Amino acid sequence: MFSAFLLAGLPSAGAADTPKGNISRGRRAFFATCTNCHASTDSNRATGPSLHGILGRNAGTRAGYKYSEAMKDSGLVWTEALLDKYLAKPGAVFPGTPMTTGIFHAPMRDDIIAYLKTFGAKE
């Protein structure tokens, strides 16, 4: 009985594999907040690069878009953690970035990142 009590407080196997965000809510949030500047398809928009296949891609390297020097020279790879930081406060991650609007609500960022993950891996 005591061991069952101790085990009850441990995370179950696979809990770490559970996605943080909700894809359906992320899709809605993406189309409501991101599509004015970004596409989910493989083509860039005039005001922002495509986010198709962003996870695993080097920051500031998508062809056809002019990035800030800070992003181009960062050597960083887009991960879920980096996207979360960037979406929260873009200018704090990459000074000089043209993206000035952050998403302050963490669950909304989680949902958008869950949706971005459906776009596939880097090109």
Side-chain angles (χ1 to χ4, degrees):
M1 180 71 162
F2 182 70
S3 62
F5 176 75
L6 288 175
L7 290 175
L10 296 175
S12 63
D17 298 334
T18 305
K20 282 172 84 174
N22 177 284
I23 294 169
S24 181
R25 284 193 314 257
R27 182 182 185 283
R28 287 191 303 272
F30 181 84
F31 280 95
T33 60
C34 306
T35 56
N36 285 337
C37 299
H38 298 281
S40 59
T41 62
D42 203 23
S43 60
N44 295 328
R45 296 262 168 112
T47 53
S50 167
L51 300 180
H52 185 268
I54 190 169
L55 288 164
R57 186 167 67 213
N58 291 334
T61 61
R62 178 152 179 100
Y65 185 76
K66 184 176 169 103
Y67 293 94
S68 68
E69 292 301 316
M71 188 180 288
K72 284 192 301 188
D73 297 340
S74 71
L76 296 174
V77 172
W78 288 113
T79 64
E80 291 179 50
L82 180 59
L83 275 169
D84 184 55
K85 285 173 128 177
Y86 184 71
L87 289 174
K89 214 167 186 185
V93 177
F94 297 116
T97 183
M99 184 167 150
T100 57
T101 305
I103 299 170
F104 302 107
H105 190 59
M108 184 184 222
R109 291 193 311 269
D110 291 341
D111 292 344
I112 289 171
I113 292 167
Y115 179 63
L116 291 174
K117 288 170 63 175
T118 69
F119 295 174
K122 75 174 186 175
E123 303 161 331

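Because the structure is a prediction, the values reported are computed rather than measured.
Cluster membership for Phe119 and Val77, using ILVMFWY side-chain heavy atoms within less than 4.5 angstrom, is not shared.
In this structure, Lys117 and Glu80 approach most closely via the heavy-atom pair NZ-OE2, 3.2 Å. Across all non-hydrogen atoms, the minimal contact from Arg62 to Ser50 is NE-CB, 3.4 Å.
For the atom pair OG1 (Thr61) and CE (Met71), the distance works out to 10.0 Å, reported to the nearest 0.5 Å. Here NE2 of His52 is found 5.5 Å from CG of Asp42. Values are rounded to the nearest 0.5 Å.
Within the 4.5 Å cutoff, the side chain of Met108 has heavy atoms near those of the Ile112 side chain.
Residues satisfying the side chain to side chain donor-acceptor pair (under 3.5 Å) test with Asp110, not counting sequence neighbours, are none. Residues that satisfy the side-chain contact (heavy atoms from CB on, under 4.5 Å) test with Leu83, not counting sequence neighbours, are Ile54, Leu55, Trp78, Ile113, Leu116. For Ser43, the side chain to side chain donor-acceptor pair (under 3.5 Å) test picks out Thr41, with sequence neighbours left out. Not a single side chain to side chain donor-acceptor pair (under 3.5 Å) links Arg45 to another residue, sequence neighbours left out.
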Could you give the side-chain donor-acceptor pairs of residues 27-34 under 3.5 Å, partners two or more places apart or in another chain?
from, atom 1, to, atom 2, distance (Å)
Arg28, NH1, Ser24, OG, 3.1
Thr33, OG1, Ala29, O, 2.6

Enumerate, atom names and distances included, each donor-acceptor pair closer than 3.5 Å involving a side-chain atom of residues 85-106, sequence neighbours excluded.
from, atom 1, to, atom 2, distance (Å)
Tyr86, OH, Thr97, OG1, 2.8
Thr97, OG1, Met99, N, 3.4

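A donor-acceptor pair is defined here as one N or O able to donate and one able to accept, closer than 3.5 Å; such a pair exists between the side chain of Asp111 and the backbone of Asn22.
Considering Asn44, Leu51, Thr47 in turn, Leu51 is the only one that fulfils the side-chain contact (heavy atoms from CB on, under 4.5 Å) rule with His38.
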